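Keep in mind that this is a model prediction, so the values were computed, not measured.
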2 protein chains.
Amino acid sequence: MTPSPKLTFAPLYEQVKKAILDRIIAGEWGPGSFLPSEIALAKEYGVSQGTLRKALNALTREKRLVRYQGKGTAVAVLDEDSDLFPFFLFSDKHGKRVYPLSQIYGLRLGQPSEAERAALNLAPGVKVIHIDRVRMLDDCPVINERVTLSTARFPDFSFESDKVPNTLYEHYQLHFGVTVARATEQIEVTLPDPADIKRLNVERSHPLLLVTRTSFDLQEQPVEFRISHINTSHHVYRAELR
Amino acid sequence: MTPSPKLTFAPLYEQVKKAILDRIIAGEWGPGSFLPSEIALAKEYGVSQGTLRKALNALTREKRLVRYQGKGTAVAVLDEDSDLFPFFLFSDKHGKRVYPLSQIYGLRLGQPSEAERAALNLAPGVKVIHIDRVRMLDDCPVINERVTLSTARFPDFSFESDKVPNTLYEHYQLHFGVTVARATEQIEVTLPDPADIKRLNVERSHPLLLVTRTSFDLQEQPVEFRISHINTSHHVYRAELR
DNA sequence: AAGTGGTCTAGACCACCGA
DNA sequence: CGGTGGTCTAGACCACTTC
């Protein structure tokens, strides 16, 4: 009954919640596996069952845990189908959901643009990571985008493009403990630039969707800035609004 | 101490929550005014303070109430700036938020299209209300849209266009007790149809945003279907994703 | 100082799951 | 059947607002 990590002061259930979240991120309980029972965890943290419940229920509301009456509490599995990142979806014209594959064609350190500096709230002189990639839907290049990350937020980010997976949000969470909780997007119509014409294989006069997105973590700090150029001739962009 | 509305069975705090929500919708406590204290309400419903707290906290998470420590619990004020309907925002090109004004040019009963029937989950033969309107931003016509509502969901909907306000979601909530909690959108690029050319004053070749939206209430039932054609030359469409 | 919401506890009983 | 989470209670103490 080693009374695990020391707790400082702040609402008790908040501390417990954070402690449990840390252990989830550290991978102590893998996605889908079950946590100890409420009673065991309450004893371990030296709090009442009610307080521990409040922590678990908060994590459940945030989609980190799933509770099964009579069975136990499990770590939520986050895959592409899950509800954890319910935005950034694409469908074909019949409404059937499709999943993009990515091909990175640029991955390097750079100076942030003014928009990037503002969106990510960067100190002067901080460099950023630029990920340039094309995303394919049904083997067809549909999205040309640049993802921008702060080096401060993502130290030791790998610059080998094989090490950067398709699903960036999952990557942020699993390797940097950064959880995207919210995003804002600006959506406009635009004409393709030369890179779009080449990468997306479209005519100069073919209008594209221009989506500018800033993502935030649970503490409301900006995480990622992204500019996407999207061809909606054969697919539609879907947004889930809550 | 009239022990108000009878309660049937289901989780107690759910019943209390619903009962309180009904009184908010009925206007018993106007937006911004304070509810009785926890203790008073608990006594009134004949439940413990803890159970009542759970109901109030759930309503607070849903943005219906605001709690002030030491002061009391008030009904949340829902205006255009509030967070209750955090979607469907527009900005000018400098990021400054702007609010649309509407001009209704069509308001009548009609047969639903196949898409409308499917989205609103309509029984065969049910008629729908069609609201056709142009929305202005900075005195410039920017959006041409058709809003579709089920007559079953909105009985006695007024067909005098002066009686239908700008802010439809607030209208649904205040006059029909229907709260929009979630929406899904499909976003594409399209070219204007003849009505768009006339209403939005654009060229035939000028591409527009095509947004198809279905809105759902707290019980996950579809409420509204909407097709919007948007000119993003001078304004951008913003989405808040959670 | 009185009244409000915020936190926390301890214990009771229920509903569900699995062996 | 025992163990799990789900609900509900009663009461304690704290932090904040208002007077």
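- The closest donor-acceptor contact from the side chain of A:Thr151 to the backbone of A:Lys127 lies under 3.5 Å.
- A donor-acceptor pair under 3.5 Å is formed between the side chain of B:Ser150 and the backbone N or O of B:Ala152.
- For the pair B:Lys71 and C:dG5, the criterion of a side-chain N or O lying under 4.0 Å from OP1 or OP2 is not met.
- A residue-by-residue look at A:Gln69 and B:Pro36 shows that B:Pro36 has its nearest nucleotide of DNA chain C further toward the 5' end.
- Across the protein-nucleic acid pair, B:Tyr68 atom OH and C:dG6 atom P stand 12 Å apart, rounded to whole Å.
- Rounded to whole Å, atom P of D:dT9 lies 14 Å from atom CD of B:Glu38.
- If you check the side chains of B:Tyr169 and B:Ser215, you find a donor sitting under 3.5 Å from an acceptor.
- Straight-line distance from the NZ atom of B:Lys43 to the C1' atom of D:dT9: 16 Å, rounded to whole Å.
- Put simply, B:Thr73 has a side-chain N or O that comes within less than 4.0 Å of OP1 or OP2 on C:dG5.
- Distances shorter than 4.0 Å separate some side-chain N or O of B:Arg67 from OP1 or OP2 on C:dG6.
- Judged by distance alone, with hydrogens and angles left aside, the side-chain atoms of A:Arg135 form no donor-acceptor pair with the main-chain N or O of A:Ile230 at under 3.5 Å.
- Within residues 50-58 of chain A, the residues approaching DNA chain C are A:Thr51, A:Lys54, by heavy-atom distance under 4.0 Å.
- One atom, OH of B:Tyr45, and another, P of D:dT7, lie 19 Å apart when rounded to the nearest Å.
- With salt bridges taken as basic N to acidic carboxylate O contacts below 4.0 Å, one links B:Glu62 and B:Lys17.
- Atoms CG (A:Leu12) and P (D:dC13) sit 17 Å apart, rounded to a whole Å.
- Here A:Glu240 does not pair with A:Arg97 in a salt bridge; the nearest charged N to carboxylate O distance is not below 4.0 Å.
- Taking atom CZ of residue A:Phe34 and atom P of nucleotide D:dT4, one finds them 12 Å apart after rounding to whole Å.
- Summarising the geometry, the separation between CD1 on A:Ile39 and P on C:dA12 is reported as 13 Å, rounded to the nearest angstrom.
- Using a 4.0 Å cut-off, some side-chain N or O of B:Ser37 falls inside it from OP1 or OP2 of C:dT4.
- Here A:Tyr13 reaches the OP1 or OP2 of C:dT7: one of its side-chain N or O atoms lies under 4.0 Å away.
- Between A:Asp217 and A:Arg153 there is a salt bridge, since at least one side-chain N of the basic residue sits less than 4.0 Å from a carboxylate O of the acidic one.
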